Asker: 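I have a structure I would like to understand better, so I am pasting it below and will then ask my questions one at a time.
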Number of protein chains: 2
Amino acid sequence: MSLIGPAKIGPWNKFMILKSQVEWALHCCAILAGLPDGRYLSTKALAEFHGLPKEYLSKALQGLSQAGLVDTSLGPSGGYRLAKPPAELTFLEIVEAVEGRQRTFVCTNIRANNPCRPKDHCESSPCAVARIMWEADEAWRAKLRGVKLSDLVGILSQEVAPELWKSSFEWVLERAG
Amino acid sequence: MSLIGPAKIGPWNKFMILKSQVEWALHCCAILAGLPDGRYLSTKALAEFHGLPKEYLSKALQGLSQAGLVDTSLGPSGGYRLAKPPAELTFLEIVEAVEGRQRTFVCTNIRANNPCRPKDHCESSPCAVARIMWEADEAWRAKLRGVKLSDLVGILSQEVAPELWKSSFEWVLERAG
DNA sequence: CGAAATAAGGATATCTTTTGTCCTTGATAG
DNA sequence: CTATCAAGGACAAAAGATATCCTTATTTCG
């Protein structure tokens, strides 16, 4: 059997996908980057601004907090702010804070099941297949490590319509404690 | 709140992960690469060699078949063989045949929920966040596109113990139709 | 021709992960 | 003192991954 052209897309249209919380966290950090010094923005405001479920967004923000990327404050006028300048915060840090640090390829070492293999056989190094897949993972990480939050803010400040940029800034300021 | 050092690993130790079928498909292709011209190896043999559930492995091989990476043959002495030389078959092709071609980052365009946004507002270009994430995806793909199946075979032929290499080859030959 | 082996693939079951809600606790500002 | 906040535990629903079983059409071999 053979098909002409690229793979027929059957049940295989679903790919490994990052959690939606990663998208949420990145957008939230972009907003926090515009916050004046010493002020905080609450989960409620961030959820409302992005049209997201507040309780679930909270889990993503807790991830950022546990990773030390944001500072938090309790009580009225509390919320989140960045723990360091946007120029020192990378995409990779944000992604990993929410999604974790595990590789996308997990080696289950199926070479060990080879029936020709002596029982006491011991592998010297990780499986070659895994090493290659891990290199691709590292290329992905390297790319994200090279992008700072300040880069995103720079792009947005050019792309977003000036009126929208301004009104959004004011919207946030009204709610920042 | 702040924690010293890297992210605390809580429930976040699970990362987006490729299907185990990707690993299986790569190892199976490595075996098929050593098959003499015109011969086929069955799902049954591939499953037994790698210690995998035959019926489920079959789904992965069907993915390879639908993508045109392997040829199949029915009946006794039937099975799979590569549809092209190992030097022309990339890791990316194999991974995508099983896992699909979708990006790891899905943009749900949450910027559209911005309450400051006019209702008739229309975006010119994809979200900047998505574009950055997609560049990382492309770096991952580029890396896998650069690795040929023949590269893997080359590494394995050097790393695998010569006796094991030889006995495995013979094991496969005995079962190849 | 008939029997055995094969790939293709549909139907179904189970387990894990993702997504989301609800509630309690302790801290803080006004 | 009260309202508001983050942290986080418990729980539920939906989606995806990991299988297993069965049917169908095809091919080889005796």
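Quick note on labels: first sequence line is chain A, next is B, and so on, each numbered from 1. The structure presented is a predicted model; accordingly, all values stated were derived computationally and were not measured.
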Asker: How long is the line joining NZ of A:K19 and P of D:dA14, in whole Å?
Answerer: 20 Å
Asker: So which nucleotide from D:dA17, C:dA29, D:dA7 ends up closest to the side chain of B:E99?
Answerer: D:dA17
Asker: With no hydrogens and no angle check, is any side-chain donor or acceptor of B:W134 less than 3.5 Å from a backbone partner on B:F105?
Answerer: yes
Asker: Can you name the closest pair of heavy atoms from A:L144 and B:A136 and give their distance?
Answerer: CD2-CB, 3.6 Å
Asker: Atom NZ of A:K44 and atom P of D:dT4: how far apart are they, to the nearest Å?
Answerer: 7 Å
Asker: Compare side-chain N and O positions of A:S65 against OP1 and OP2 of D:dA7 and report whether any pair is under 4.0 Å apart.
Answerer: yes
Asker: How many Å lie between CD on A:Q62 and P on D:dA7, as a whole number?
Answerer: 5 Å
Asker: Contact class for B:S20 vs. all strands (heavy atom < 4.0 Å): base, sugar-phosphate, or nothing?
Answerer: sugar-phosphate
Asker: Under 3.5 Å, which N/O atoms of the protein pair with N/O atoms of nucleotides 20-22 of chain D?
Answerer:
from: D:dC22; atom 1: N4; to: B:E55; atom 2: OE1; distance (Å): 3.4

Asker: Would a distance-only check, ignoring hydrogens and angles, find a side-chain to backbone donor-acceptor pair under 3.5 Å from B:N114 to B:R111?
Answerer: no
Asker: Would you mind telling me which residue lines up with the more 5' stretch of DNA chain C, B:G78 or A:L18, judged by nearest nucleotide?
Answerer: B:G78
Asker: Touch check for B:G177, heavy atoms < 4.0 angstrom, all strands: base, sugar-phosphate only, or nothing?
Answerer: nothing
Asker: Between B:P118 and A:E163, is any pair of side-chain heavy atoms under 4.5 Å apart?
Answerer: no
Asker: Give a yes or no on whether the backbone of A:L18 and the side-chain of A:E99 come within a donor-acceptor separation of less than 3.5 Å.
Answerer: no
Asker: Just by modelled atom types, is the A:V98 backbone N or O under 3.5 Å from a matching donor or acceptor in the A:Q21 side chain?
Answerer: no
Asker: Using whole Å, report how far CE of A:M16 lies from C1' of C:dT18.
Answerer: 16 Å
Asker: Starting at CG of B:L74 and ending at P of C:dG9, how long is that distance when rounded to a whole Å?
Answerer: 11 Å
Asker: Can you list, by residue number, the residues of residues 32-43 of chain B that have a non-hydrogen atom closer than 4.0 angstrom to DNA chain C?
Answerer: B:S42, B:T43
Asker: For the pair made of CD1 in A:I17 and C1' in D:dA17, what is the distance, rounded to whole Å?
Answerer: 13 Å
Asker: Taking the minimum atom-to-atom distance to the side chain of A:P76, which one of D:dA7, D:dA6, D:dA3 wins?
Answerer: D:dA3
Asker: Output yes when a side-chain donor or acceptor of A:R175 lies under 3.5 Å from a complementary backbone atom of A:A45, and no otherwise.
Answerer: no
Asker: Give the rounded distance in Å between these two atoms: CD of A:Q21 and C1' of D:dG8.
Answerer: 14 Å
Asker: Toward the 5' end of DNA chain C, which comes first, B:G79 or A:S77, by nearest nucleotide?
Answerer: B:G79
Asker: Which whole-number value in Å describes the distance from A:L61 CG to D:dG8 C1'?
Answerer: 14 Å
Asker: Looking only at atom types and distance, does a side-chain atom of B:R145 sit under 3.5 Å from a main-chain N or O of B:T90, one as donor and one as acceptor?
Answerer: no
Asker: Kindly say if A:Q66 contacts the phosphate of D:dG8, meaning a side-chain N or O under 4.0 Å from OP1 or OP2.
Answerer: yes
Asker: If we ignore hydrogens and angles and just use 3.5 Å, is the side chain of A:R81 paired with the main-chain N or O of A:R39 as donor and acceptor?
Answerer: no
Asker: Say whether, by atom type as modelled, one donor and one acceptor occur between the side chain of A:R141 and the main chain of A:R101 under 3.5 angstrom.
Answerer: yes
